[in-house]
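Worksheet: the structure to be examined is printed underneath.
Just so it is clear: chains get the letters A, B, ... in the order the sequence lines come, proteins before strands, and each one is counted from 1.
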Number of protein chains: 2
Amino acid sequence: MLETARLPSLVSIRAFEAAARLGGFALAARELGTTAAAVSYHVRQLERQTGVTLFHRYPHRVELTAAGALVAEEAIRAFGALRSSFMRAAALEAGQISITALPTFSTSWLAPRLGDFRARHPGIRIEVEVSTDAQDLGAGRFDVAIRNGHGRWPGLRAVPLFPALFMPLCAPELRDAASAALAGPPEAINVPLLGRPDWWALWFRAQGHERPPTPDRFGIQLAEEHLDAAAAISGHGVTIGSPIIFGRELEAGRLVPAHPRAARDGRAFWLAYPLARQDSAKIGLFRDWLSEQAEAARHAAARWIGEPVEAPVA
Amino acid sequence: MLETARLPSLVSIRAFEAAARLGGFALAARELGTTAAAVSYHVRQLERQTGVTLFHRYPHRVELTAAGALVAEEAIRAFGALRSSFMRAAALEAGQISITALPTFSTSWLAPRLGDFRARHPGIRIEVEVSTDAQDLGAGRFDVAIRNGHGRWPGLRAVPLFPALFMPLCAPELRDAASAALAGPPEAINVPLLGRPDWWALWFRAQGHERPPTPDRFGIQLAEEHLDAAAAISGHGVTIGSPIIFGRELEAGRLVPAHPRAARDGRAFWLAYPLARQDSAKIGLFRDWLSEQAEAARHAAARWIGEPVEAPVA
DNA sequence: CTGCGAGGCTAAGGCAGACTTATGCTCGAA
DNA sequence: TTCGAGCATAAGTCTGCCTTAGCCTCGCAG
């Protein structure tokens, strides 16, 4: 690089700074992990580049000149301050984690649990941003992402959380009517369906019914899945969702399975983060905590789930 | 070099600093005389080395993170202070010149003239150290040296001042006696000789006398040549010295030539300085001034000197 | 709405600068 | 007097830095 701002070679300044601070080229070489010849060479380079004599040479030792002492003082201070700023930046960075996650996952599963993470890691502040789009982790805006998919994303490490499952869920008072309705083909449905039509189609295919429910079978059309769940809790119909994600609602009796069988599409929920970040302590802590929570959630949801049936590809 | 003090690559920090200060990689690349790809690469390296995300990436632009802003502030300050310290060091260095010179040259010729240099270059402080030994200019203790010799010193630039001349000099009242004594061979000397015996031997050889004056011909033995001159001025004998160096004494009539002929040994007085320093402004100013003074001194001394005779090699 | 330009990103390859090695110098201490 | 330590330099090696090429996204102008 050309020095447009007339700052000489930084590598040479660093060699000089170490020599000035330690009082000799041999000690500087040892600290920098190089040879005394390299330090000598760099100090000479610096003197040539700047036209300033930095050291008086005597046999066996060197002594800073007045000009050299002036630069040394500033260089020592500058490098010390820089070093300190990197440490403070690392501490700042280590003290907060930025997560991008899917809306329902965030609202219904993650958010209720974050209190526990905060209790166990009070030094780490959490930021969650919900997005239906997969955010670019390379852009640096997020440390980790919760993704739904196959788990094979280049440059990322994906930790499996739990499989994507689709189970009919309704309020307790709708149980009998919904169970009866779902025992037959889609055209026999006489209770309102809630949630994504493609997920219902997937579920019926897993039951052996090729034709999906027609639009007239659906009740309220809501923008987000957790709103579907809220409507179902209110008795407005049967929703289709993950017994793991809604595990706490099932536990509390606010939702019940309207059918014992769940369908799956081969996808799963994953924690993803850049391979380049796998040494990050905070990401490691979050990963370990999240894996633990996911395992507990899978275990707890097992009582609601019979053997999940993988739906044939439409 | 290994980073024993955990400061990451300085080249990368410099790229980062420029990008932070200018708000983009393209502008930073322009200032640093490199490509945006190089800046991007260095910022990534820095992020990997430190584990700190420094920029958020967006299409067409980048934005400092909080941690990045923290480091940027310190880096901008550090580099600015370093730059400033080099400029101040250069100014300090440019404001003083260190000279090593031969004793007599210093005392009798240089010192009386330095007032003129100081008047013409008030911003440059002069330090003269007298030494009979040739000081190592590479050690950085001296900027320039006045040397006597052949002028061919490796790594140094030598500017000729004036030839080394040896002429008998005495007080006016001793003129006739000294002239008569010096007209014949050394054994006929009946006035005390002062100064270095080897210089007298050289002078007599130049006159065609093979045998040097014997020790009994010498008066007071003094340690330094200018003391010999002082003794000669006091009428204690005839000294042997340079009519150029003692030009002002001749001019003032305190010394007169005891013989019209000067001898020379093929050597001269030179201003020497390191080739590596030839761009130094202060050295240039001193060289130009000294050359001018030397030329004036040669010119003024011409009236005292007949055709100098080169003494045959003993 | 389409095309272009600008800024950023990464991979691969080349080379120049950084460093090592070898040798030499000086001086102080044993 | 000898040896070891620190500094200096030259020459050769090699690795880190940079360039080049190609790609991506987005905003703006036509």
Side-chain angles (χ1 to χ4, degrees), chain A residues 1-3 8-16 18-20 22-49 53-64 68 133-141 154-155 274-276, chain B residues 1-3 8-16 18-20 22-49 53-64 68 133-141 154-155 274-276:
Chain A
M1 287 187 188
L2 300 175
E3 293 331 299
S9 166
L10 289 168
V11 179
S12 294
I13 297 176
R14 210 257 306 267
F16 163 72
L22 298 169
F25 293 359
L27 288 171
R30 210 173 300 161
E31 178 175 283
L32 297 171
T34 185
T35 62
V39 176
S40 179
Y41 166 84
H42 275 301
V43 173
R44 276 296 184 196
Q45 285 283 85
L46 197 51
E47 288 178 329
R48 283 196 195 100
Q49 281 170 346
T53 303
L54 299 165
F55 284 107
H56 289 316
R57 273 77 167 176
Y58 301 91
H60 214 99
R61 64 184 184 82
V62 291
E63 190 177 285
L64 277 169
D133 298 328
Q135 297 296 303
D136 174 18
L137 290 183
R141 292 191 295 282
L275 287 168
Chain B
M1 285 186 191
L2 299 174
E3 299 323 304
S9 166
L10 289 168
V11 179
S12 294
I13 296 176
R14 209 254 311 262
F16 163 69
L22 299 168
F25 294 1
L27 289 170
R30 208 170 303 160
E31 178 174 282
L32 298 171
T34 186
T35 61
V39 176
S40 179
Y41 165 85
H42 276 301
V43 173
R44 278 296 184 196
Q45 285 284 84
L46 197 51
E47 288 178 330
R48 283 197 194 100
Q49 281 169 347
T53 302
L54 299 165
F55 284 107
H56 289 317
R57 272 77 168 176
Y58 301 90
H60 213 100
R61 65 185 184 82
V62 290
E63 189 176 287
L64 278 168
D133 297 329
Q135 296 297 303
D136 174 19
L137 291 182
R141 294 193 293 283
L275 287 169

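No side-chain heavy atom of Tyr41(A) sits less than 4.5 Å from a side-chain heavy atom of Leu46(A). Side-chain contact between Pro8(B) and Ile13(B) is present, with heavy atoms from C-beta onward closer than 4.5 Å.
Phosphate contact (OP1/OP2 of dA18(C), side-chain N/O of Thr34(A), threshold under 4.0 Å): absent.
Counting only distance, with no hydrogens or angles, the side chain of His56(B) and the backbone of Glu63(B) share no donor-acceptor pair below 3.5 Å. Counting only distance, with no hydrogens or angles, the side chain of Glu47(A) and the backbone of Leu54(A) share a donor-acceptor pair below 3.5 Å.
What separates CG of Leu32(B) from P of dT19(D) is a distance of 10 Å, to the nearest Å. Atom CD of Gln45(B) is separated from atom C1' of dT10(C) by 12 Å (rounded to the nearest Å). The distance between atom CD of Gln49(A) and atom C1' of dA18(C), rounded to the nearest whole Å, is 13 Å. Rounding to whole angstrom units, CG of residue Leu10(A) and C1' of dC17(D) are separated by 14 Å. Distance Phe55(B) CZ to dG7(C) P: 15 Å, rounded to the nearest Å.
Between atom CZ of residue Arg48(B) and atom OG1 of residue Thr53(B) there is a gap of 11.5 Å, rounded to the nearest 0.5 Å.
For the pair Arg61(B) and Tyr58(B), the distance from NZ or CZ to the six-membered ring centre is under 6.0 Å and the angle to the ring normal is within 45 degrees.
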Counting primed atoms plus P, OP1 and OP2 as sugar-phosphate and everything else as base, spell out the protein contacts along nucleotides 5-12 of chain D at 4.0 Å heavy-atom distance: B, S or - for each nucleotide, 5' to 3'. BSSSB---
